[in-house]
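Treat the numbers as computed from the prediction; the structure is a model and nothing was measured. Sequence lines set the chain letters: A, B, ... in the order given, protein chains first and strands last, and positions in each chain run from 1.
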Number of protein chains: 4
Amino acid sequence: MLNKVLLIGRLTRDPEVRYLPSGMQVTTFSLAVNRRFKDKGGNWQEETYFFDIESFGGLAERLGRQLSKGNQILLEGSLRQDKWENQAGEKRSRVKIVAERVALLSKPTQPDSNQKPSYEGSEFVEPTDLNSDEDVPF
Amino acid sequence: MLNKVLLIGRLTRDPEVRYLPSGMQVTTFSLAVNRRFKDKGGNWQEETYFFDIESFGGLAERLGRQLSKGNQILLEGSLRQDKWENQAGEKRSRVKIVAERVALLSKPTQPDSNQKPSYEGSEFVEPTDLNSDEDVPF
Amino acid sequence: MLNKVLLIGRLTRDPEVRYLPSGMQVTTFSLAVNRRFKDKGGNWQEETYFFDIESFGGLAERLGRQLSKGNQILLEGSLRQDKWENQAGEKRSRVKIVAERVALLSKPTQPDSNQKPSYEGSEFVEPTDLNSDEDVPF
Amino acid sequence: MLNKVLLIGRLTRDPEVRYLPSGMQVTTFSLAVNRRFKDKGGNWQEETYFFDIESFGGLAERLGRQLSKGNQILLEGSLRQDKWENQAGEKRSRVKIVAERVALLSKPTQPDSNQKPSYEGSEFVEPTDLNSDEDVPF
DNA sequence: TTTT
DNA sequence: TTTT
């Protein structure tokens with residue numbers, strides 16, 4: 001009934017586009033999300049998770065057109081679970097995330113750019129709303 | 001950096017308790033989360049996802065003590081990902097959810113209860129905060 | 001850019017309905033949201049906030065039709081701020097919340113009902129999605 | 001029971017610091033949150049809300065030390081409501097937001113910096129966790 | 001002006 | 001392996 005996910009992360013590669021039999025566009029990509037934590041020794045560690053993201057319809061069209069590898073995004077969506085049986089007849093499942101709203105937070109600097117590379121190899125862009133024509137508050 | 005999950009669902013079985021070498025309690029359970037959607041024919045369908053939940057420390061102690069199979073909870077947490085290699089040396093991963101705040105929303109009625117079973121086989125309980133002594137707003 | 005609010009609370013009165021010049025329906029109500037906290041003496045206290053909720057269009061129609069005083073709801077929305085000047089020319093503002101998704105969690109028992117009042121004076125209802133025909137995950 | 005707010009915005013001035021009789025630090029500031037929407041003519045408009053933010057204890061200390069005017073932050077917190085009576089004996093109330101987790105997203109470029117001002121007059125900084133020593137996932 |  |  002309540003199933004909500006909010007993530008900030010970076011695309012590990014360009015989005016992939018495919019189409020449902022109905023003609024609806026599906027755009028998928030993998031999102032790298034970092035977590036920082038202190039280990040037992042009190043030192044900061046960083047861990048990265050890679051989540052499978054899926055989007056449909058108009059949002060999928062905009063994401064396929066406007067996102068690319070390395071972009072940092074803010075994503076709101078919900079958890080889903082694919083279920084299947086493997087060749088051995090064993091039940092398998094995989095969690096994925098369906099995107100519902102996405103904002104582009106930043107793009108990595110072009111290496112050949114005449115712009116001075118900014119801090120941490122990233123160029124700041126004003127957050128861009130990728131949720132289209134509608135009035136979306138995020 | 002932002003990694004937040006909010007879910008309402010029901011425990012599919014009693015929580016399992018184990019302990020880390022440090023003595024810290026770990027409580028795990030599976031949460032059934034329902035999704036209702038319209039199929040192509042316009043009829044409402046229901047799909048259920050089963051997510052693996054993990055909790056640590058004081059929250060784990062309270063959840064192990066106070067939750068049981070069938071309880072409906074509101075959970076706030078974050079996504080994690082376990083990674084390993086199988087015997088064939090292939091990389092495998094599994095998404096799980098670490099609970100950070102939990103509220104008990106309702107318990108199923110005891111079948112042998114002298115209480116009249118309420119609507120839909122569920123007894124209403126006032127939402128119970130399982131986040132302990134601290135002042136937690138959820 | 002990100003502006004998200006999630007609340008569980010109860011309507012303090014029946015919703016009020018009005019219409020914009022465009023004909024669009026606007027439904028407003030006040031939501032009582034409780035907070036429990038420990039005072040300095042270590043005793044649990046409860047405090048109640050009353051937030052002004054506003055909804056528009058199709059959601060407003062459903063909320064005006066299906067919600068009433070005392071209903072407990074789960075609400076997702078975003079913060080807004082009304083600004084005006086008073087007679088003395090001083091700037092004034094008031095925070096309100098625009099509802100984007102609403103689920104009905106429970107209704108208070110009718111006092112004259114032939115139903116046995118359930119625990120805590122509340123009848124449990126299966127959470128009801130008030131977000132209409134679309135496939136909304138909450 | 002559930003009372004959660006997530007915002008991205010910029011500080012309109014440096015934070016203010018005060019102390020409770022108990023010695024606990026309180027840090028307050030105003031956060032400017034932008035909303036983009038299409039007007040009736042189909043043109044994008046931008047509106048800005050100013051929310052009052054309050055923080056306590058260790059988080060207040062870090063925010064007082066590390067935040068300043070113009071910083072863009074991601075904030076997680078909950079809604080509160082101050083209530084009082086004015087001189088005329090009328091009930092008044094004001095919504096505010098208590099910060100629970102904060103991440104620094106970006107700082108405006110120093111005007112006298114020898115750094116080339118980056119895109120849109122802002123310097124990108126890697127998101128900084130201001131939630132201290134604990135392992136906070138945001 | 002407030003709900004349970 | 002699944003809850004209501």
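Rounded to an integer number of Å, the gap from CG of A:L2 to P of F:dT4 is 20 Å. In this structure, CG of C:N71 is placed 15 Å from C1' of E:dT2, rounded to the nearest angstrom. In this structure, the CG atom of C:L105 is 19 Å from the P atom of F:dT4, given to the nearest Å. A straight line from CZ of B:F29 to P of F:dT3 spans 15 Å, rounded to a whole angstrom. When rounded to the nearest whole Å, the span between OH of B:Y49 and P of F:dT3 equals 18 Å. Spacing between atom CG of B:N34 and atom C1' of F:dT4 amounts to 7 Å, rounded to whole angstrom units. Between C:R35 atom CZ and E:dT2 atom P the separation is 20 Å, expressed in whole Å. Between A:M1 atom CE and F:dT3 atom C1' there is a gap of 15 Å when expressed in whole angstrom units.
By the salt bridge (Lys or Arg N to Asp or Glu O under 4.0 Å) test, B:R18 is found to be paired with B:E54, residues two or more places apart in sequence or in another chain being considered.
Of the listed nucleotides (F:dT3, E:dT4, E:dT3), E:dT3 has the atom at the smallest distance from the side chain of C:F50. With distances taken from any side-chain atom of C:R10 to the nucleotides E:dT2, F:dT2, E:dT4, the minimum falls on E:dT4.
Taking the ring centre of C:W84 as origin, the terminal cationic atom of C:R92 falls outside the region bounded by 6.0 Å and 45° from the ring axis.
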Check: residues 20-28 of chain C side-chain donor-acceptor pairs under 3.5 Å, at least two apart:
residue, atom, partner, partner atom, Å
C:S22, OG, C:M24, N, 3.3
C:Q25, NE2, C:T27, OG1, 3.1
C:Q25, NE2, C:A60, O, 3.3
C:T27, OG1, C:A60, O, 2.7

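No hydrogens or angles were tested; on distance alone, nothing pairs the side chain of C:S30 with the base of E:dT2 as donor and acceptor under 3.5 Å.
The shortest heavy-atom contact between C:G70 and C:P108 is O-CD, 3.3 Å.
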